[in-house]
Amino acid sequence: MLPVILDYAFNARNGFQYIVAIEVYETENSPMFPDGVSGTFRLFKIKETGEKVLVYLIDNHAPYGFHEHDKLPANHDSRKEIHVKGWKDAWDKFQVKCRELTE
């Protein structure tokens, strides 16, 4: 099932264009990825100038596990833990949040 690499663009109900970029792959069991999986789920908003702006991100790495960057784009360093059992649950949470952000 892994790796999962997915990129797609869509026009949202709110009138803006977005890009979703997903990367999930197995890694060596390392201090950075103790469960052996790296997952990154990104939502970019496309500005009228064509610039991509990261507006939502879920990723996992030590010492946080899966977490969301909850104050994008202003503050990339702000993180909020999410309680998921693995990358599939993180993907589900990402999809729900994307729907909220793009309506």
Side-chain angles (χ1 to χ4, degrees):
M1 177 147 217
L2 294 180
V4 174
I5 301 171
L6 178 65
D7 293 305
Y8 63 90
F10 67 96
N11 294 316
R13 291 185 198 153
N14 65 11
F16 293 100
Q17 185 176 33
Y18 292 85
I19 294 174
V20 169
I22 308 299
E23 292 182 15
V24 183
Y25 55 91
E26 292 178 297
T27 65
E28 298 215 4
N29 199 356
S30 70
M32 191 68 160
F33 302 102
D35 64 352
V37 174
S38 171
T40 307
F41 306 89
R42 294 182 184 100
L43 176 67
F44 296 94
K45 183 177 183 179
I46 307 302
K47 293 177 118 181
E48 291 178 6
T49 61
E51 177 188 2
K52 287 187 347 182
V53 177
L54 183 61
V55 294
Y56 188 61
L57 167 64
I58 290 179
D59 62 351
N60 73 314
H61 53 79
Y64 309 104
F66 275 102
H67 59 280
E68 63 184 350
H69 291 258
D70 60 334
K71 296 194 173 151
L72 291 172
N75 184 352
H76 185 86
D77 291 331
S78 178
R79 293 175 178 88
K80 180 179 166 188
E81 181 182 358
I82 60 173
H83 302 283
V84 295
K85 294 180 181 175
W87 73 267
K88 291 178 184 177
D89 286 349
W91 167 241
D92 290 343
K93 178 162 181 52
F94 178 80
Q95 291 179 86
V96 168
K97 186 69 171 188
C98 285
R99 280 191 290 277
E100 291 173 6
L101 292 171
T102 60
E103 289 188 342

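- Side-chain atoms of Ile5 and Ile22, non-hydrogen and from C-beta on, never get closer than 4.5 Å to each other.
- Taking CZ from Arg42 and NE2 from His69, the interatomic distance works out to 9.5 Å, rounded to the nearest 0.5 Å.
- Looking at every heavy atom in both residues, Leu101 comes nearest to Val55 through CD1-O, 4.5 Å.
- The salt bridge (Lys or Arg N to Asp or Glu O under 4.0 Å) analysis of residues 69-81, with sequence neighbours excluded, yields the pairs Glu68-Lys80.
- Annotation: side chain of Trp87 is not in contact with side chain of Phe94 (no heavy-atom distance under 4.5 Å).
- For the atom pair NE2 of His83 and NE2 of His67, the computed distance is 13.5 Å after rounding to the nearest 0.5 Å.
- Hydrophobic cluster membership for Tyr25: none, as no Ile, Leu, Val, Met, Phe, Trp or Tyr side chain comes under 4.5 Å of it.
- The aromatic rings of Phe16 and Tyr18 lie perpendicular to each other, with more than 60° between the two planes, well past the 30° mark.
- Residues Arg99 and Val96 meet the side-chain proximity criterion, which asks for heavy atoms closer than 4.5 Å.
- Under the 3.5 Å distance criterion, the side-chain polar atoms of Asn60 are matched with a main-chain donor or acceptor of Gly39.
- Heavy-atom neighbours of Glu100 CD from other residues, nucleotides or ligands within 6.0 Å: above the threshold of 12.
- Atom CD of Gln95 is separated from atom CZ of Phe41 by 9.0 Å, given to the nearest 0.5 angstrom.
- Ala90 and Ile58 make their closest contact through O-CD1, 3.8 Å (heavy atoms, listed as atom of the first residue, atom of the second, distance).
- The line from CG of Asn14 to CD of Glu103 is 9.0 Å long, rounded to the nearest 0.5 Å.
- Ring centroid separation for the pair Tyr56 and Phe44 does not come in under the 6.0 Å cut-off.
- Looking at residues two or more places apart in sequence or on another chain, you find no side chain to side chain donor-acceptor pair (under 3.5 Å) involving Asn75.
- Taking every heavy atom of both residues into account, Leu54 and Leu43 meet most closely at CD1-O, 3.6 Å.
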